[in-house]
Amino acid sequence: MGPAATSLTLLCLCSLVACVPMGTADTAPTQASLLEPKKARGDVPDILPEPEPEPTSPVSDFENSYNYVLSRLASMDQAIHKLNVGHYTLDVKVSQLMDRLSRMDAKVGELEDNIREVYQHSKVNRKEIGRLEGCHKGHRMGYKCYLVYNSYEDYAGASRKCLERGGRMAMPRDRKEQEALADYVKSFFHPGNWPVWLGINDLRSEGMYLFDDGTRVSYFQWRKHYLSSQPDGGRRENCVAMSSDDGDWWDHYCDRTMNYLCEFDDRVAL
C-alpha cells in the first residue's frame with residue numbers, strides 16, 4: 001500500500017471516532033431503566049410544585065392593618081351605640097316602675113287608712129253590740145246592766161274582754177249594788193257554787209284595794225269565818241272574786257281562770 005492509501009485509511013478512522021458519542025460504553029441501558037414506563041409528552045407530573053408567594057410591599061401590609069383597625073373601631077362604635085340605646089330604654093323603664101311604685105305606695109297608704117277606719121268602726125260596733133247584749137240578757141239595776149260570762153279567763157283576760165264588749169268588770173260600790181249582784185250571780189249558777197271575777201285588786205300596793213278603773217274601794221264584803229277569813233293571800237293573792245252561793249269576796253291568784261262579771265251603762269235608762 002502506498003502513502004496515499006495509508007493517509008486515506010487514517011482519515012476514515014478519525015471520522016468514525018468523531019461520530020461515536022462520548023461515554024457510549026458507559027451509558028448502556030440498565031434493567032431498571034428498561035422497566036421504567038416511558039411518559040408520553042404532555043403528561044402531568046405526580047407532585048405539582050408549590051406556587052411561589054407573590055412578593056408584598058410594606059405599603060400594602062400597612063393598608064391592610066389600617067383597614068382592619070377601622071373595621072374593629074366601627075364594630076365597637078355600633079356595640080357602644082346599642083349599649084347606649086339599651087341603657088336609655090332601661091332608664092325609661094326604671095322611671096316608669098318608680099312612678100308606678102309611688103302610686104302604689106299612695107294607694108297602700110290610703111288602703112291602710114281605710115282599714116284603720118273600718119277597724120275603729122268595728123270596735124265601736126262590737127262595744128255597742130256587747131252593751132246591748134249585756135242589757136238585754138243580763139240584769140238591769142238603776143243605770144247599769146250586769147252580765148255573767150260563763151267562760152274561763154284570768155283577771156287580765158276578763159278585764160280585756162269586758163272592755164272589748166263596751167263595758168268593764170263589775171265594781172259594786174255600796175251594799176245595795178253588792179246585794180243585787182249577789183242575788184243575780186246566785187240565780188245564774190244555782191244550784192252550783194262558782195266564783196266570778198270582780199273588778200277589784202290590790203296590785204298597785206298591798207292592802208290598798210282599787211276598782212279596775214283606778215278608784216278607791218270604800219265598801220267591802222269579805223268572807224268572815226273562824227276557819228278562813230278573807231283576805232288571807234298576802235302578796236300572793238291580789239285579785240278579788242265573788243262566790244256565787246253567798247256573794248262573799250275572796251282574794252285569789254290573778255292568773256287563776258274563772259267566770260267573770262261585766263257591767264254596762266244602760267243608755268236607755270239614761
Side-chain angles (χ1 to χ4, degrees), residues 53-138 145 147 149-171 197 199 201 203-204 210-215 238-239 254-268 270:
E54 296 181 359
T56 58
S57 63
V59 176
S60 61
D61 290 339
F62 176 77
E63 289 178 352
N64 292 335
S65 301
Y66 179 74
N67 292 333
Y68 174 76
V69 171
L70 288 179
S71 64
R72 296 299 297 169
L73 288 175
S75 300
M76 291 176 64
D77 184 67
Q78 292 178 357
I80 292 172
H81 177 70
K82 290 181 180 180
L83 286 175
N84 288 333
V85 172
H87 181 269
Y88 174 77
T89 304
L90 181 62
D91 186 64
V92 171
K93 290 183 178 180
V94 169
S95 298
Q96 293 174 351
L97 181 61
M98 293 298 295
D99 184 60
R100 291 178 182 176
L101 286 176
S102 62
R103 291 199 301 268
M104 185 180 296
D105 186 64
K107 290 182 179 179
V108 169
E110 183 179 353
L111 182 60
E112 288 177 348
D113 293 338
N114 293 336
I115 290 174
R116 280 192 290 268
E117 185 178 355
V118 169
Y119 177 71
Q120 292 298 326
H121 285 303
S122 176
K123 286 178 62 177
V124 172
N125 290 338
R126 284 201 304 270
K127 288 182 178 181
E128 184 63 19
I129 291 172
R131 188 192 66 79
L132 294 174
E133 181 185 35
C135 290
H136 178 70
K137 296 181 179 180
C145 303
L147 179 62
Y149 289 92
N150 192 15
S151 60
Y152 289 92
E153 297 285 346
D154 59 13
Y155 185 88
S159 178
R160 184 177 62 253
K161 292 290 186 181
C162 288
L163 290 175
E164 289 176 353
R165 291 184 172 98
R168 54 198 170 271
M169 296 180 74
M171 298 177 289
W197 285 122
N201 66 81
L203 291 168
R204 184 178 300 178
L210 302 174
F211 287 116
D212 207 38
D213 61 1
T215 58
N238 298 306
C239 296
C254 295
D255 57 357
R256 178 180 175 181
T257 58
M258 61 179 73
N259 302 312
Y260 56 98
L261 180 62
C262 296
E263 71 176 37
F264 306 88
D265 293 329
D266 188 359
R267 296 181 181 177
V268 176
L270 291 175

Indicate the atoms forming the closest heavy-atom contact of Asn201 with Asp212, along with that distance.
ND2-OD1, 4.1 Å
Would you call Asp154 and Arg256 a side-chain contact if the rule is heavy atoms closer than 4.5 Å?
no
Just verifying a value: how many Å separate Ile80 CD1 and Gln78 CD, rounded to the nearest 0.5 Å?
11.0 Å
Answer whether the closest heavy-atom distance between the side chains of Ser151 and Tyr260 falls below 4.5 Å.
yes
May I ask you to test the Asp99-Ser102 pair for a side-chain heavy-atom distance under 4.5 Å?
yes
Closest heavy-atom pair and its distance - Met258, Trp197
CG-NE1, 3.1 Å
CZ of Arg165 to CG of Leu163, rounded to nearest 0.5 Å, is 11.0 Å
Can you label the angle between the Phe264 ring and the Tyr149 ring as parallel, tilted or perpendicular, going by 30° and 60°?
perpendicular
Should the heavy atoms of other residues, nucleotides or ligands under 6.0 Å from CZ of Arg204 be counted, would the total exceed 12?
no
Measure across Glu133 and Leu147 and return the closest heavy-atom pair with its distance rounded to 0.1 Å.
O-CD2, 4.1 Å
Value for CG (Asn114) from CD (Glu112), rounded to nearest 0.5 Å, stands at 10.0 Å
Step through the shown structure and confirm whether more than 12 heavy atoms of other residues, nucleotides or ligands are within 6.0 Å of CZ on Arg103.
yes
SB check Lys107 Glu110 (cutoff 4.0 Å)
no
Do any N or O atoms from the side chain of Ser65 and from the backbone of Asp61 form a donor-acceptor pair under 3.5 angstrom?
yes
When you measure from the side chain of Ser122 to the backbone of Val118, do you find a donor-acceptor pair of N or O atoms at a distance under 3.5 Å?
no
Do the charged groups of Glu164 and Arg126 touch, with an N to O distance under 4.0 Å?
no
Nearest 0.5 Å, please: how far is SG in Cys162 from CD in Glu153?
9.5 Å
Contact between Met169 and Phe211 at the side-chain level, heavy atoms closer than 4.5 Å - yes or no?
no
Any donor-acceptor N/O pair, Asn125 side chain to His121 backbone, under 3.5 Å
yes
Check whether any side-chain heavy atom of Leu203 sits under 4.5 Å from a side-chain heavy atom of Cys254, and report yes or no.
yes
Would you compute the distance between atom NZ of Lys137 and atom SG of Cys145 and round it to the nearest 0.5 angstrom?
13.5 Å
For Ala156, is there any backbone N or O sitting under 3.5 Å from a side-chain donor or acceptor partner on Ser159?
no
Gap separating the CE atom of Met98 from the CG atom of Asp105, nearest 0.5 angstrom
10.0 Å
Do Arg168 and Asp265 sit within salt-bridge range, that is, some charged N less than 4.0 Å from a carboxylate O?
yes
